[in-house]
Undergrad: 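Let me give you the structure first, and then I'll get to my questions.
Just so we're clear, the structure is a prediction, and the values are computed from it rather than from any experiment. Protein chains get the first letters and strands the later ones, always in sequence-line order, with residue 1 at the start of each.
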2 protein chains.
Amino acid sequence: MVSKAQRTERRTDALSKERIVETAIEILDTDGENALTFRALAARLATGSGAIYWHVANKNELLIAAADHIVAHVIDDVAGGSAPQEKIRALALGVFDAIDAHPWVGTQLSRAPWQTAVLQIFEGLGGQLRALGVPGRAQFDAGSALLNYVLGVAGQNAANARRPHPDRSAFLDAAAEHWEQLDPAQYPFLRQVAPQLRDHDDREQFVAGIDLILAGIGTVVGD
Amino acid sequence: MVSKAQRTERRTDALSKERIVETAIEILDTDGENALTFRALAARLATGSGAIYWHVANKNELLIAAADHIVAHVIDDVAGGSAPQEKIRALALGVFDAIDAHPWVGTQLSRAPWQTAVLQIFEGLGGQLRALGVPGRAQFDAGSALLNYVLGVAGQNAANARRPHPDRSAFLDAAAEHWEQLDPAQYPFLRQVAPQLRDHDDREQFVAGIDLILAGIGTVVGD
DNA sequence: ACCTGAACACCGTTCAAGT
DNA sequence: ACCTGAACACCGTTCAAGT
């Protein structure tokens with residue numbers, strides 16, 4: 001039982017789950033979600049595609065591990081010692097920025113609710129609610145609301161990043177124009193907010209949503 | 001120029017986009033997202049797989065049309081003439097129930113932000129904000145918060161439905177047990193809410209989140 | 001124990017050929 | 001105009017065979 005726990009190290013270029021995940025992240029970041037195939041991965045790792053299966057059960061597990069890797073760094077970096085509202089905002093923004101930098105993470109988060117990455121985000125958000133004075137029973141609901149909002153934005157941003165965008169403002173222009181030309185009887189709201197769509201800031205709007213939920217949580221606390 | 005606009009009708013069993021979409025929905029509902037292939041669809045329609053492309057550009061367009069079809073019915077059914085908060089709750093619950101009945105709709109909504117189905121939901125939610133007294137500038141942010149929350153839940157529920165669940169309560173039991181065995185130092189919140197996970201009602205928790213955002217919106221109105 | 005790479009069982013999509 | 005179905009260019013995954 002001692003004999004098997006010995007030489008964990010191998011030559012640096014040997015295959016390992018860690019190296020596979022890192023290479024997968026490289027492909028996802030530089031070439032997009034569709035570019036990650038076991039053939040492309042094997043080529044980049046200079047091995048056979050079947051070799052990857054020795055370290056990783058399947059593609060789903062690989063994507064989960066990749067998302068977990070990114071989110072774990074977000075959690076670490078956020079730390080900070082400020083007020084609970086600030087911590088919630090900081091963590092949410094950390095996730096937002098990570099998805100901005102790695103859009104495929106957004107897809108993955110909104111696809112697998114029970115993966116470690118999602119649990120870490122849930123813990124990070126929900127863990128501040130006691131300090132906010134939210135009663136025990138209500139903490140679960142309030143934490144879920146924050147989490148689902150964050151995951152919703154994650155999915156939408158990932159979807160937006162999936163389409164080819166020569167220019168963000170040009171794309172928003174086109175979308176706003178589309179909204180303005182909708183049937184006034186059926187879409188009064190969208191027509192009205194179309195101008196705001198044109199020059200809104202995704203990140204600011206994301207925080208505004210967090211603040212809205214925090215304000216709602218404030219009313220539960222009863223102050 | 002008159003000659004081509006004539007006989008729009010054909011025999012009932014002829015191919016049409018409508019019939020293709022309806023058949024796709026049947027497959028999605030009964031056999032799940034993975035079962036929808038052009039080959040399976042063609043077989044069910046008793047035609048060649050290439051024939052479908054005469055009516056539908058590709059699989060993505062087919063999924064969008066299918067989701068739009070389901071959501072359009074939700075929008076129609078919700079109508080009602082109650083207070084704006086009630087209308088928002090009713091629409092949100094309509095979407096929730098539709099995803100419960102057709103989990104693939106959740107996947108699709110969280111995947112394509114600009115499709116008609118999402119715009120209709122956004123309009124339905126946002127359109128009530130003026131009546132709630134939300135100032136013009138804030139309506140866009142508040143509507144987006146509601147929409148993103150709904151889409152977040154949509155994605156999570158669809159993901160949950162994707163996994164084989166012999167029994168819902170058995171599955172929640174296992175998840176709760178997993179949470180209870182997490183590291184207390186790292187996951188105090190999840191450990192604390194684990195018992196609530198075990199017997200919570202998804203639908204009630206969903207409404208609780210809507211109400212939390214509505215409460216936050218109430219603070220913006222300033223009453 | 002770990003790696004190789006051909007083979008299997010699929011996909012979405014295209015397109016020449018039919019009616 | 002609309003349909004057929006073989007063919008193309010891929011996939012994820014498996015597995016006998018190597019080291």
Undergrad: Verify, without hydrogens or angle tests, whether B:Q192 (side chain) and A:Q139 (backbone) share a donor-acceptor contact under 3.5 angstrom.
TA: no
Undergrad: Going by salt bridge (Lys or Arg N to Asp or Glu O under 4.0 Å), name the residues that satisfy it together with A:E18, two or more places apart in sequence or in a different chain.
TA: none
Undergrad: Rounded to whole Å, how long is the line connecting atom NZ of B:K59 with atom P of C:dC11?
TA: 9 Å
Undergrad: In terms of side-chain heavy atoms of A:R39, which of D:dC3, C:dC2, C:dA7 is nearest?
TA: C:dA7
Undergrad: Taking only residues two or more places apart in sequence, or in another chain, which ones meet A:P113 in a side-chain contact (heavy atoms from CB on, under 4.5 Å)?
TA: B:Q156, B:A159, B:N160
Undergrad: List the residues meeting salt bridge (Lys or Arg N to Asp or Glu O under 4.0 Å) with A:D68, not counting sequence neighbours, and say none if there are none.
TA: none
Undergrad: Give the rounded distance in Å between these two atoms: CG of A:L15 and C1' of C:dA1.
TA: 13 Å
Undergrad: Return the polar atom pairs (N/O with N/O) between nucleotides 14-19 of chain D and the protein under 3.5 Å, or none.
TA:
none

Undergrad: Output all residues satisfying ring pair (Phe, Tyr, Trp, His ring centres under 6.0 Å) with B:H73, sequence neighbours left out; order by chain, then residue number.
TA: B:H69
Undergrad: My understanding is that only residues two or more places apart in sequence, or in another chain, count here; which of them pass salt bridge (Lys or Arg N to Asp or Glu O under 4.0 Å) with B:D100?
TA: none
Undergrad: Please work out which residues in residues 27-37 of chain B have a non-hydrogen atom less than 4.0 Å from an atom of DNA chain C and list them by number.
TA: B:L36, B:T37
Undergrad: Ignoring the backbone of B:N58, work out which of D:dA1, C:dT13, D:dT13 is nearest its side chain.
TA: C:dT13
Undergrad: So which pairs with a foot in residues 25-50 of chain B pass ring pair (Phe, Tyr, Trp, His ring centres under 6.0 Å), sequence neighbours left out?
TA: B:F38-B:Y53
Undergrad: Could you tell me the separation between the CG atom of A:L41 and the P atom of D:dG12, rounded to a whole number of Å?
TA: 10 Å
Undergrad: Strictly below 4.0 Å: does B:W54 bring a side-chain N or O up to OP1 or OP2 of D:dC2?
TA: yes
Undergrad: Rounded to whole Å, please give me the gap between CZ in B:F38 and P in D:dG5.
TA: 17 Å
Undergrad: Listing request: all ring pair (Phe, Tyr, Trp, His ring centres under 6.0 Å) pairs with a residue in residues 192-211 of chain A, at least two apart in sequence or in separate chains.
TA: A:F96-A:F206, A:Y149-A:F206, A:H200-B:F140
Undergrad: According to the Watson-Crick and G-U wobble definition with distances under 3.5 Å, which dot-bracket string, read 5' to 3', encodes DNA chain C, using [ ] for crossing pairs and | for pairs with another strand?
TA: ||.|||||...|||||.||
Undergrad: Whole-Å distance between D:dC3 C1' and B:I20 CD1?
TA: 11 Å
Undergrad: Using the test side chain to side chain donor-acceptor pair (under 3.5 Å), find all partners of B:Q205 that sit at least two apart in sequence or belong to another chain.
TA: A:D141, A:S144
Undergrad: Are the side chains of A:R163 and B:W114 in touch, meaning some heavy atoms are under 4.5 Å apart?
TA: yes
Undergrad: Got a list of side-chain donor-acceptor pairs under 3.5 Å for residues 183-190 of chain B, not counting sequence neighbours?
TA:
| unit_1 | atom_1 | unit_2 | atom_2 | d |
| --- | --- | --- | --- | --- |
| B:D183 | OD1 | B:A185 | N | 3.1 |

